[in-house]
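Protein chains get the first letters and strands the later ones, always in sequence-line order, with residue 1 at the start of each.
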Amino acid sequence: MDCAPHIRVQAGDFDLAAEVNRLSAGRKDVGAVVTFTGRCRDEDGRLAALELEHYPGMAEAEIARIAREAADRWSLSGLTVIHRYGRIEPGENIVLVVTASSHRKAALEAADFLMDYLKSRAPFWKKEHPATAAEPGRWVEAKAEDEDALARWKK
Amino acid sequence: MDCAPHIRVQAGDFDLAAEVNRLSAGRKDVGAVVTFTGRCRDEDGRLAALELEHYPGMAEAEIARIAREAADRWSLSGLTVIHRYGRIEPGENIVLVVTASSHRKAALEAADFLMDYLKSRAPFWKKEHPATAAEPGRWVEAKAEDEDALARWKK
Amino acid sequence: MKLVYFAWVRERIGREAEDVDPPGEVKTVADLLQWLKDRGEGYAAALEHPKVIRVAINHEHVDHQTTLPRDGEIALFPPMTGG
Amino acid sequence: MKLVYFAWVRERIGREAEDVDPPGEVKTVADLLQWLKDRGEGYAAALEHPKVIRVAINHEHVDHQTTLPRDGEIALFPPMTGG
């Protein structure tokens with residue numbers, strides 16, 4: 001990979017266009033840029049907000065490991081992962097993955113791979129705060145399908 | 001699908017952030033937004049520009065058919081395809097696909113599907129203008145691998 | 001019937017579009033390609049390998065066995081390279 | 001050794017971190033979980049199903065058979081739900 005992965009774990013939002021420009025502005029060798037934006041849904045009005053807890057230090061280290069694996073498997077010219085933590089309301093962004101490559105399949109597959117690994121390996125935990133204030137917050141349970149999704153990428 | 005596909009065939013560039021906002025701004029039901037941007041490469045300096053010819057009328061109709069098929073196969077809340085034509089220089093955008101869904105797999109797979117079909121079914125033809133002005137323009141040949149990519153999506 | 005040409009099919013034939021009136025025995029797309037091929041050097045060059053030529057009738061892809069419509073727009077072009 | 005807890009493991013145990021000094025027979029991650037479980041109600045609730053608990057040593061995922069390091073930071077948490 002030509003350039004080091006750009007990784008950020010932050011409370012604040014990110015700027016999609018700025019992150020795409022980081023990997024492609026002025027570049028004549030980038031044929032494909034893929035972005036994946038994960039957002040908070042309101043679950044048909046049942047959710048007031050998500051609280052994202054993370055493990056500082058390990059979050060960055062683990063995302064870096066996942067990014068390095070993607071860069072080893074696909075020919076990428078650039079790779080960005082930004083994951084937010086803290087309180088996030090419906091309609092707000094949670095996570096951004098940007099992949100750039102000369103070829104479309106590399107960019108698409110790497111983004112798919114990164115999201116699967118972020119879901120099940122990056123040390124973040126979501127707590128749902130219900131719209132009904134009387135109800136207590138509830139930790140989101142890991143889904144078996146997310147674990148299964150990783151099996152697709154085993155070499 | 002909740003909303004009709006947004007399809008444009010145009011000479012001018014597009015604005016990635018504006019197109020993502022079109023599908024997600026103010027929406028609390030959109031959990032995932034995927035963008036694919038196809039860009040003109042300079043082929044290690046050998047290419048001065050691409051000339052994209054298209055079949056007006058059919059280009060829009062065929063992209064609409066492909067978009068409809070994607071909307072039938074995946075649960076999408078929004079879908080945008082913009083394809084440029086005319087002279088496009090290295091570093092410029094050629095095509096944009098944006099998919100929005102409540103779930104990440106639907107958004108990712110639909111974008112992958114749309115790109116495969118646009119490559120081999122939408123009536124556009126690329127002519128390469130070499131950096132060496134003396135050389136004549138050369139029509140890009142269709143790749144067998146692009147045709148093969150469609151086989152993955154046969155039901 | 002109106003014919004329209006794109007990319008190198010257009011360049012070799014030397015025109016973008018034309019109206020033609022093929023004889024009654026020209027019933028399918030394959031027949032039409034064979035008939036056009038004999039109309040001159042440009043056509044022969046464009047349609048040298050007819051199997052490669054993609055065809056659309058009224059903006060929809062069709063295969064070479066398709067029966068020609070009474071009227072409408074028939075487009076001939078190389079395999080597409082968009083995206 | 002320093003232990004850190006996250007999400008519902010943290011909430012049930014009732015603290016974010018602590019220093020512990022387990023006896024010599026506590027050699028693996030599995031031993032540590034078993035030993036912690038007996039330290040009180042919160043620990044028992046958090047570690048009721050030890051197989052579910054994910055563990056990282058010095059910021060790297062490890063399995064329950066892993067030998068504990070001499071020192072460093074050991075994190076216990078539920079399956080991750082980021083992304």
Side-chain angles (χ1 to χ4, degrees), chain A residues 9 36-40 50-66 68-69 81-86 88 93-97 111-128 136-150, chain D residues 1-20 28-30 32-33 36-37 41-83:
Chain A
V9 174
F36 179 96
T37 307
R39 305 167 84 254
C40 178
L50 284 175
E51 184 78 31
L52 263 119
E53 182 168 331
H54 79 300
Y55 183 178
M58 180 170 172
E60 294 83 350
E62 188 62 24
I63 295 174
R65 272 190 288 270
I66 295 166
R68 173 58 43 205
E69 193 168 333
V81 177
I82 303 175
H83 205 307
R84 295 180 65 194
Y85 60 83
I88 295 177
N93 294 322
I94 298 172
V95 63
L96 175 69
V97 164
D112 192 6
F113 170 93
L114 285 160
M115 282 309 304
D116 279 349
Y117 272 78
L118 288 173
K119 281 262 171 199
S120 297
R121 291 291 178 267
F124 291 83
W125 300 272
K126 291 192 184 103
K127 190 175 202 171
E128 295 180 344
R138 197 182 64 85
W139 291 101
V140 173
E141 278 186 59
K143 293 192 195 110
E145 70 192 61
D146 288 335
E147 195 63 33
D148 293 347
L150 297 190
Chain D
M1 80 190 41
K2 186 184 182 189
L3 300 182
V4 295
Y5 309 124
F6 293 96
W8 53 252
V9 172
R10 172 180 56 71
E11 287 184 344
R12 291 180 193 175
I13 289 177
R15 57 180 73 185
E16 293 184 5
E18 62 183 319
D19 285 303
V20 296
T28 66
V29 166
L32 176 67
L33 295 178
L36 281 170
K37 218 171 148 174
E41 227 174 279
Y43 294 90
L47 306 176
E48 186 186 357
H49 303 291
K51 283 194 177 154
V52 159
I53 304 298
R54 305 300 174 96
V55 180
I57 296 178
N58 294 327
H59 294 171
E60 282 201 57
H61 292 295
V62 296
D63 66 32
H64 290 197
Q65 275 56 62
T66 304
T67 302
L68 295 170
R70 269 179 197 278
D71 48 24
E73 185 170 288
I74 301 181
L76 310 188
F77 44 75
M80 289 134 284
T81 55

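For D:Thr28, the side chain to side chain donor-acceptor pair (under 3.5 Å) partners are D:Asp31, not counting sequence neighbours. In terms of the side chain to side chain donor-acceptor pair (under 3.5 Å) criterion, residue partners of D:Arg15 (sequence neighbours excluded) are, by chain and number, D:Glu18.
Taking A:Arg121, A:Glu147, A:Arg84 one by one and counting their heavy-atom pairs under 4.5 Å with chain D, the maximum is reached by A:Arg121.
Across all their heavy atoms, D:Pro78 and A:Trp125 have their closest contact at O-NE1, 2.8 Å.
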Distance-only check: which donor-acceptor pairs under 3.5 Å involve side-chain atoms of residues 59-66 of chain A, not counting sequence neighbours?
residue: A:Glu60; atom: OE1; partner: A:Gly57; partner atom: N; Å: 2.8
residue: A:Glu62; atom: OE1; partner: A:Arg65; partner atom: NE; Å: 3.0
residue: A:Glu62; atom: OE1; partner: A:Arg65; partner atom: NH2; Å: 2.7
residue: A:Arg65; atom: NH2; partner: D:His59; partner atom: O; Å: 2.6

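A 6.0 Å sphere centred on CG of D:Asp71 holds no more than 12 heavy atoms belonging to other residues, nucleotides or ligands.
Among residues 137-144 of chain A, the residues having any heavy atom closer than 4.5 Å to a heavy atom of chain D are, in sequence order, A:Trp139, A:Val140, A:Glu141, A:Ala142.
Between the OG atom of A:Ser120 and the NE2 atom of D:His61 there is a distance of 9.5 Å, given to the nearest 0.5 Å. One finds the CZ atom of D:Phe6 at 11.0 Å from the CZ atom of A:Phe124 (value rounded to the nearest 0.5 Å).
Only the side chain of D:Glu11 comes within less than 4.5 Å of a heavy atom in chain A; its backbone stays farther off. For a residue to count as touching a neighbouring chain, one of its non-hydrogen atoms must lie under 4.5 Å from one of that chain's; by this rule A:Lys127 touches chain D with the side chain only.
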Next item on the list: Given side-chain contact (heavy atoms from CB on, under 4.5 Å), test D:Glu73 with A:Tyr55 step by step and report yes or no.
Entry: CA-CA 12 Å; D:Glu73 185 170 288; A:Tyr55 183 178; 2.5 Å; yes
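Listed for the A:Lys126 side chain is a donor-acceptor partner under 3.5 Å among the backbone atoms of D:Gly82.
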